[in-house]
There are 2 protein chains.
Amino acid sequence: MRNTIARTQILDLITNSKTALSHAEIEQLLDGLCNRVTIYRVLDRLIDDKLVHKIINVDGSLKFAACRNCSDHHHDSHIHFSCLNCGSVTCLESVEPVFKIPRKYKVQEVNFTVSGLCPDCT
Amino acid sequence: MRNTIARTQILDLITNSKTALSHAEIEQLLDGLCNRVTIYRVLDRLIDDKLVHKIINVDGSLKFAACRNCSDHHHDSHIHFSCLNCGSVTCLESVEPVFKIPRKYKVQEVNFTVSGLCPDCT
DNA sequence: CATATTAATGCAACTATATTGCATTTGTAA
DNA sequence: TTACAAATGCAATATAGTTGCATTAATATG
């Protein structure tokens with residue numbers, strides 16, 4: 001795994017962003033630094049390296065956010081908040097939902113998104 | 001809203017299916033009954049009419065399932081189980097997660113998907 | 001410091017999925 | 001039975017992501 005300019009910049013953007021970023025947003029922020037295909041590939045690598053996690057938004061679009069405490073495996077069992085007005089997606093790291101599902105289902109991952117209005121849009 | 005053949009068939013398929021169906025699965029099951037564009041439009045109408053709800057799968061793909069108790073507004077606050085092996089998506093209607101998020105967020109909808117292995121695939 | 005190795009990139013082409021405009025068909029109310 | 005508008009089919013277009021391959025560049029080694 002090499003520390004390229006694209007990788008550094010993309011990781012920086014995601015890490016310093018208050019909200020999760022989409023591929024398109026990253027592309028715009030990078031302003032031609034690299035090809036859009038490279039962004040896809042860098043994102044894949046960052047996810048493999050457990051530095052970033054992928055969030056499926058309520059509208060099906062993808063967002064990327066920095067991982068915290070994901071050294072071993074991804075555990076993004078926290079809630080994601082998706083604002084229906086501004087489109088921002090925020091990790092609510094401290095909130096973990098409680099639920100019980102039938103024992104016959106073997107749970108591996110959890111994807112929990114709540115949508116509505118974020119503090120900035122109320 | 002007219003009761004066309006396409007509408008009837010598509011609603012039947014979704015209602016009688018144990019698991020949520022994708023557009024592609026519906027298209028295959030209909031076996032040329034109507035154009036794929038029509039399927040998109042019928043699904044949109046069924047969602048508007050609160051007869052079907054749309055589920056965003058963990059891989060970002062869309063699935064459609066029959067609505068229960070959605071006369072006024074969609075309340076699919078139940079859990080969806082997504083099988084990583086066979087790809088099936090099942091509504092676990094009886095399971096509703098408990099969670100608390102900061103008051104400054106205004107919650108409107110909830111989208112909760114758990115992935116792993118379904119009873120058939122364990 | 002030079003250089004060899006190979007990961008990473010750029011580009012173009014391609015695939016998959018969804019949407020739109022418009023002419024035609026068809027369900028339904030009068 | 002007929003008229004009207006909803007629904008459909010088709011072709012074109014849009015959007016998002018992937019792949020193959022030649023080229024570039026990061027890094028380990030001598």
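Throughout, protein chains are lettered first and strands after them, A, B, ... in sequence-line order, and every chain is numbered starting at 1.
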Worksheet item: If you take all heavy atoms of A:Gly87 and A:Asn57, which pair is closest and at what distance?
Response: O-ND2, 4.3 Å

Worksheet, complete the sentence: A:Asn16 meets the side chain to side chain donor-acceptor pair (under 3.5 Å) criterion, sequence neighbours left out, with none

Discussion item. Let's go through B:Phe64 and B:Lys54 carefully: what are the C-alpha distance in whole Å and the side-chain angles of both, what is the deciding distance for side chain to side chain contact (heavy atoms under 4.5 Å, CB included) to 0.1 Å, and is it a yes or a no?
Written reply: CA-CA 5 Å; B:Phe64 303 88; B:Lys54 188 196 282 190; 3.8 Å; yes

Worksheet entry | Qualifying salt bridge (Lys or Arg N to Asp or Glu O under 4.0 Å) pairs with a residue from residues 112-122 of chain A, counting only residues at least two apart or across chains | none

Practice prompt. Please find the earliest and latest nucleotides of DNA chain C, in the 5' to 3' direction, that have an atom within less than 4.0 Å of any heavy atom of chain A.
Written response: C:dT6 to C:dA12

Worksheet entry | Integer-rounded Å distance: D:dA7 P and B:Leu46 CG | 11 Å

Worksheet, complete the sentence: Under a 4.0 Å heavy-atom cutoff, the residues of residues 32-42 of chain A touching DNA chain C are A:Leu33, A:Cys34, A:Asn35, A:Val37, A:Thr38, A:Arg41, A:Val42

Worksheet item: Under 3.5 Å, side chain of B:Gln9 to main-chain N/O of B:Ala6, donor-acceptor pair present?
Response: no

Item to complete: Report yes or no: do B:Val89 and A:Val58 belong to one cluster of Ile/Leu/Val/Met/Phe/Trp/Tyr joined by side chain heavy-atom distances under 4.5 Å?
Response: no

Discussion item. Using five pairs at each end of the helix from C:dC1-D:dG30 to C:dA30-D:dT1 to define an axis, what is the angle between those two axes, to 10°?
Written reply: 30°

Worksheet item: Under the side chain to side chain contact (heavy atoms under 4.5 Å, CB included) test, which residues partner B:Ser88, sequence neighbours left out?
Response: B:Thr19, B:Cys83, B:Cys86, B:Thr90, B:Cys118

Worksheet entry | All side chain to side chain contact (heavy atoms under 4.5 Å, CB included) counterparts of A:Arg36, not counting sequence neighbours | A:His23, A:Glu27, A:Tyr40

Discussion item. If the condition is side chain to side chain donor-acceptor pair (under 3.5 Å), which residues does B:Arg7 pass it with, not counting sequence neighbours?
Written reply: B:Asn3, B:Asp49

Worksheet item: Just checking B:Ala6: base, sugar-phosphate only, or nothing, at a heavy-atom cut-off of under 4.0 Å?
Response: sugar-phosphate

Discussion item. Holding to side chain to side chain contact (heavy atoms under 4.5 Å, CB included), I want the full list of residues that pass it with A:Gln28, two or more places apart in sequence or in another chain.
Written reply: none

Worksheet item: Taking protein heavy atoms under 4.0 Å as touching, what does nucleotides 25-30 of chain D look like 5' to 3' if B marks base contact, S marks sugar-phosphate-only contact and - marks none?
Response: BBS---

Discussion item. Checking A:Thr15 now: which residues fulfil side chain to side chain donor-acceptor pair (under 3.5 Å) with it, not counting sequence neighbours?
Written reply: none

Item to complete: Check step by step if side chain to side chain contact (heavy atoms under 4.5 Å, CB included) holds for A:Phe112 and A:Val95.
Response: CA-CA 10 Å; A:Phe112 196 2; A:Val95 185; over 6 Å; no

Discussion item. If I take atom CD in residue A:Glu25 and atom C1' in nucleotide D:dT15, what distance separates them, rounded to the nearest angstrom?
Written reply: 16 Å

Practice prompt. With sequence neighbours left out, write down each residue that passes side chain to side chain donor-acceptor pair (under 3.5 Å) with A:Asp59, or none if nothing qualifies.
Written response: A:Ser61

